[in-house]
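To start, the structure itself, in structure tokens.
Since the model is a prediction, treat every value here as computed from it, not as a measurement.
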Amino acid sequence: MNEKPPNRGDWRRVLPGIVVSLVSLIVVFYFADLEKLRQALLLADIRLIVLAGGLMLSWLFVRGLLWRTLLKNAASYRDVFWTINEGYLINNFLPFRLGEVARAFLLSKKSELSFWEILSTIFIERIMDITYAVGSFLLLLPFVVGARGQGAYAVLMGGVMLLVFLVLFLLARNRQWALEVNRKLGQRIPLIRRLTDRVVPSILDGLAILNDGRLFLWALIWASLDW
């Protein structure tokens, strides 16, 4: 009986994620005070730790469903789930939420999707997060003593996010127009053409979820459950 040879391509796809995860764990444990961590665990209620762990896994499970939906199911759930965990791990010790950029890079190595296409879906995900956060803040604002004056900032932030979302929606709906504008700018400024010839189409591919009402509705459902 012939055995199926190992798929070396699969190893090449997952290797960057394994390397990044190992390096991240080494950095975390290097800077962590393990003795204080041990003492804190001894004082903690193990039942609450187990409950918190279960809730965290449930949240990550739903988060994976949300991101995979934004990707139009073009990547396997396994790859999406582990890439999310790798990105959040990197966010713990790198500034400016560079873990989001890292998970776009890592998933591009595990799937047929391009880096910029994936990054645009993460951008949509972040806009949804901020919009939900602003909505939650405004709903809870009447119950917070002395925070009424903060409502204007929340409304402003929510308005900005809705405006950005509207621009992305219009770009997704008018793909050919956006490509034509980019082409004309590239003709006038060669540097723009060299920088955006591949980037702009990939970004627009990532925004395509905004044209799919059924999938985007599912994304809203997962985001609502997530929050």
> Taking all atoms of both residues into account, what is the closest heavy-atom pair of T69 and I209, and its distance?
Replying inline: O-CD1, 3.4 Å

> What do the steps show when you test R188 against K184 for side chain to side chain contact (heavy atoms under 4.5 Å, CB included), and what is the final call?
Replying inline: CA-CA 7 Å; R188 296 180 180 180; K184 290 180 178 179; 5.6 Å; no

>> Does atom CZ (R198) have a neighbourhood of more than 12 heavy atoms from anything else shown, all under 6.0 Å?
In response: no

>> Any heavy-atom pair between the side chains of V80 and L65 that's under 4.5 Å?
In response: no

> So K110 and E86, salt bridge (Lys or Arg N to Asp or Glu O under 4.0 Å) or not? Walk me through it.
Replying inline: CA-CA 13 Å; K110 303 175 188 177; E86 291 159 356; 3.1 Å; yes

> Looking at I49 and A44, what are the two nearest heavy atoms and their distance?
Replying inline: CD1-CB, 3.6 Å

> Heavy-atom distance under 4.5 Å between the side chains of S108 and L113, does that happen here?
Replying inline: no

>> Within the structure provided, determine whether V101 and F115 are in side-chain contact (heavy-atom separation under 4.5 Å).
In response: yes

> For A75 and L107, which heavy atoms make the closest approach, and how far apart are they?
Replying inline: CB-CD1, 4.3 Å

> Going from CG on L163 to CD1 on I127, what distance comes out if it is rounded to the nearest 0.5 angstrom?
Replying inline: 10.0 Å

> Would you say R126 has more than 12 foreign heavy atoms packed within less than 6.0 Å of its CZ?
Replying inline: yes

>> Under the ring-ring contact (aromatic ring centres under 6.0 Å, His included) definition, can you give me all pairs with a residue in residues 38-61, not counting sequence neighbours?
In response: W59-Y88, F61-Y77

> CG/L89 to CD1/I84 distance, rounded to the nearest 0.5 angstrom?
Replying inline: 13.5 Å

> Does R103 count as lying over the ring of W67, i.e. NZ or CZ under 6.0 Å from the six-ring centre, within 45 degrees of the axis?
Replying inline: yes

> Is the backbone of E117 close enough, under 3.5 Å, to the side chain of S114 for a donor and an acceptor to pair up by distance?
Replying inline: yes

> About how many Å separate CG of N211 and CG of N174, when rounded to the nearest 0.5 Å?
Replying inline: 9.0 Å

> Is a donor on one side and an acceptor on the other found under 3.5 Å between the side chain of D226 and the backbone of V62?
Replying inline: no

> Would you say M128 and I124 make side-chain contact, with heavy atoms under 4.5 Å?
Replying inline: yes

>> Could you check whether any side-chain heavy atom of L106 comes within less than 4.5 Å of a side-chain heavy atom of K109, counting everything from C-beta outward?
In response: no

> Does any pair with a residue in residues 160-179 pass ring-ring contact (aromatic ring centres under 6.0 Å, His included), and if so which ones, sequence neighbours excluded?
Replying inline: F165-F216

>> Which heavy atom of I130 sits nearest to which heavy atom of M161, and what is that distance?
In response: CG2-CG, 3.4 Å

> Is there a side-chain contact between F123 and V164, using heavy atoms and a 4.5 Å cut-off?
Replying inline: yes

> Would you say L48 and M56 are hydrophobically clustered, going by side-chain heavy atoms of ILVMFWY under 4.5 Å?
Replying inline: no

>> Side chains of D79 and S76: any donor to acceptor distance under 3.5 Å?
In response: yes

> For the residue pair L210 and A172, what are the closest heavy atoms and their distance?
Replying inline: CB-CB, 4.1 Å

> Which heavy atom in L70 sits nearest to a heavy atom in A219, and how many Å separate them?
Replying inline: CD2-CB, 3.8 Å

>> Side chains of D129 and W227: any donor to acceptor distance under 3.5 Å?
In response: yes

> If you measure from CG on L71 to CG on D205, what distance do you get to the nearest 0.5 Å?
Replying inline: 12.0 Å

> Are the side chain of N85 and the backbone of F81 linked by a donor-acceptor contact shorter than 3.5 Å?
Replying inline: yes

> Is there a side chain to side chain contact (heavy atoms under 4.5 Å, CB included) between V134 and T131 once you walk through the steps?
Replying inline: CA-CA 5 Å; V134 169; T131 303; 5.9 Å; no

>> With a 3.5 Å distance limit and no angle check, can you tell me whether R97 reaches the backbone of N91 through a side-chain donor-acceptor pair?
In response: no

